[in-house]
Amino acid sequence: MSAANSASSGFDIKRSLIETIVAGLLALIVFGPVVGVVLDGYTFNAEPARVAWLVGAVMVGRFVLSLFFQSGTGQRMLQGFDSGGSGVHVLAPDYKSRLRYIIPALIVIAIVFPIFANKYLLTVVILGLIYVLLGLGLNIVVGLAGLLDLGYVAFYAIGAYGLALGYQYLGLGFWTVLPLAALAAALAGCILGFPVLRMHGDYLAIVTLGFGEIIRLVLNNWLSFTGGPNGMPAPSPTFFGLEFGRRAKDGGVPFHEFFGLDYNPNVKFLFIYIVLFLVVLAVLYIKHRLTRMPVGRAWEALREDEIACRSMGLNHVLVKLSAFTLGASTAGLAGVFFATYQGFVNPSSFTFFESALILAIVVLGGMGSTVGVVIAAFVLTVAPELLRSFSEYRVLLFGVLMVLMMIWRPRGLIRISRTGVVPRKGVAP
Amino acid sequence: MSAPILELKELDVFYGPIQALKKVSMHINEGETVSLIGANGAGKSTLLMSIFGQPRAASGQILYRGTDITRKSPHFIASNGIAQSPEGRRVFPDMTVEENLMMGTIPIGDKHASEDMQRMYELFPRLKERRSQRAMTMSGGEQQMLAIARALMSRPKLLLLDEPSLGLAPIVVKQIFATLRELAQSGMTIFLVEQNANHALKLSDRAYVMVNGEIRMTGTGQELLVNEDVRNAYLGGH
């Protein structure tokens with residue numbers, strides 16, 4: 001009934017048609033040269049039929065979209081986009097989030113999941129979790145402290161190479177390197193943090209970008225130490241000293257023999273998954289607490305107004321360095337997991353594109369929003385796997401996704417929100 | 001009068017090659033309200049900022065209750081009882097009034113937070129109405145009140161105010177100065193940097209007039225109010 005009403009009153013077919021034609025023209029301009037002209041050796045063929053199909057699809061899509069947004073549901077959706085508003089969403093101190101039902105449910109799913117998953121699914125989820133870690137780390141630096149870091153992948157590389165190099169030269173295993181890599185990355189974050197203390201925005205972005213490239217180039221060119229582009233092997237994790245391989249090295253007993261099981265290569269990934277999941281949970285909890293601690297407030301204050309911070313006597317050196325250090329150490333952890341999951345590291349995993357991807361996760365998820373970052377990390381790592389057949393267009397899809405997000409959800413998927421503070425004793429109402 | 005709480009001796013401050021302050025000497029006594037008036041670009045805000053060590057004085061001395069704070073860091077100065085409400089208010093736009101006030105407790109910790117917050121709400125009843133509203137959504141006057149209240153949250157011994165009347169409607173300026181008077185009567189030492197000379201001089205015990213980075217004139221608020229030169233230069237001749 002209501003649909004019929006709105007159909008009779010609201011639809012403006014003429015406007016829809018104009019929008020359709022404009023979209024069609026734009027599609028023609030964009031796709032015409034790209035799709036319509038196909039190189040064939042030294043000549044090229046014009047393929048107008050392919051262009052026609054694409055343009056047709058765009059026009060039909062635009063027409064349907066246009067009509068939809070004129071309907072009641074569409075209008076409401078548009079209003080929903082608009083009322084997203086700006087800024088941080090401040091919740092009442094006694095606000096109970098729906099997350100308290102969702103989180104236990106997710107944990108249960110995560111525990112049950114490996115029973116049904118095959119190896120492929122497991123590896124995809126491991127990758128997703130690694131990016132969750134990276135996203136959470138960068139979220140501190142970019143989302144909370146507002147320091148644009150384009151070289152974040154450097155810390156990830158330090159973690160990954162920490163495992164490979166530590167194994168190669170010092171004989172260290174996964175468990176020893178895990179905390180060490182976090183420390184090493186934190187130290188690197190601190191070292192990077194010092195010279196950039198006085199920088200903001202664009203300048204900071206350029207310096208961090210340079211730092212990321214320096215690390216990658218060193219890894220690429222120091223052949224005698226890092227193996228250069230050939231990369232290095234990284235060890236698998238062990239379960240209290242038991243290895244997951246078919247045969248243990250140095251005459252040890254592998255995991256499956258010790259427990260009298262059949263050999264199953266998936267067990268290694270299952271183990272990585274479990275450890276990674278626990279680490280992600282721990283990091284999530286720590287981040288959650290940090291944002292409620294004075295240092296978390298200080299990060300946000302720094303993002304909002306540095307001069308005000310300093311005029312109130314906030315030690316901006318400590319605040320910035322702590323953001324850099326904590327962000328970097330999280331990336332170090334992620335790097336170790338990445339190396340052990342791949343069993344191999346080489347510099348091509350740590351290009352600028354990776355930094356951009358992590359930044360995309362943070363921006364897409366909503367700067368500063370933990371839940372948003374977790375969702376975005378999964379979307380941006382799992383989606384390319386689902387779209388394997390479109391893998392050439394992956395970056396194009398990212399671009400489209402980004403543009404759409406910036407139009408409809410400029411503050412990210414989930415807007416940053418936090419519960420308001422109350423002084424300890426509470427002010428009389 | 002009691003001993004000076006803050007004393008500047010022959011302070012020179014440079015921005016690169018440009019000298020912003022030239023041999024500035026002044027003092028503020030405990031419990032006094034002192035204002036610094038002068039035209040745009042005279043160096044008033046620079047003077048206030050250099051008390052906080054940003055920019056650093058090239059030569060000269062800043063003594064705070066007898067100790068030399070010329071080379072101390074801003075957070076040291078803040079945690080030792082000097083608070084400032086910076087020029088242009090600079091409240092945290094995405095934080096609520098309460099959160100902004102909480103930020104003000106950084107130098108001393110939040111042990112007195114609820115008690116002090118209550119005091120601020122008595123001083124500025126408007127803030128109480130707006131306590132869970134984000135600062136960016138408030139009017140300029142409310143933001144200025146918040147900036148002053150935020151500075152007071154650290155229980156300062158000396159309050160530095162940089163142009164509290166900046167960009168505010170005359171009636172709001174009046175309200176703010178009324179509150180400042182109340183504050184001064186409660187014994188707070190206030191150092192006020194203002195372009196609105198009329199209001200500032202009426203409020204102050206003493207005042208300094210700054211021209212091109214130098215202190216040109218000094219006297220009690222009343223003396224300067226009736227001074228011909230000051231009237232012509234800063235009070236629009238009325």
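Just so it is clear: chains get the letters A, B, ... in the order the sequence lines come, proteins before strands, and each one is counted from 1.
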Revision key, fill the gap. For residues 136-147 of chain A, the salt bridge (Lys or Arg N to Asp or Glu O under 4.0 Å) pairs (sequence neighbours left out) are none
Measuring heavy-atom distances to chain A, does [X] have an atom under 4.5 Å in its side chain, in its backbone, in both, or in neither?
{"X": "B:Ile106", "value": "side chain"}
{"X": "B:Arg89", "value": "neither"}
{"X": "B:Phe92", "value": "both"}

Would you tell me whether [X] and [Y] have side-chain atoms, one donor and one acceptor, within less than 3.5 Å of each other?
{"X": "B:Glu163", "Y": "B:Ser45", "answer": "no"}
{"X": "B:Gln19", "Y": "B:Asp12", "answer": "yes"}
{"X": "A:Lys287", "Y": "A:Thr330", "answer": "yes"}

Point to revise | Residue, of B:Met49, B:His75, B:Gln54, that accumulates the most heavy atom pairs under 4.5 Å with chain A | key: B:His75
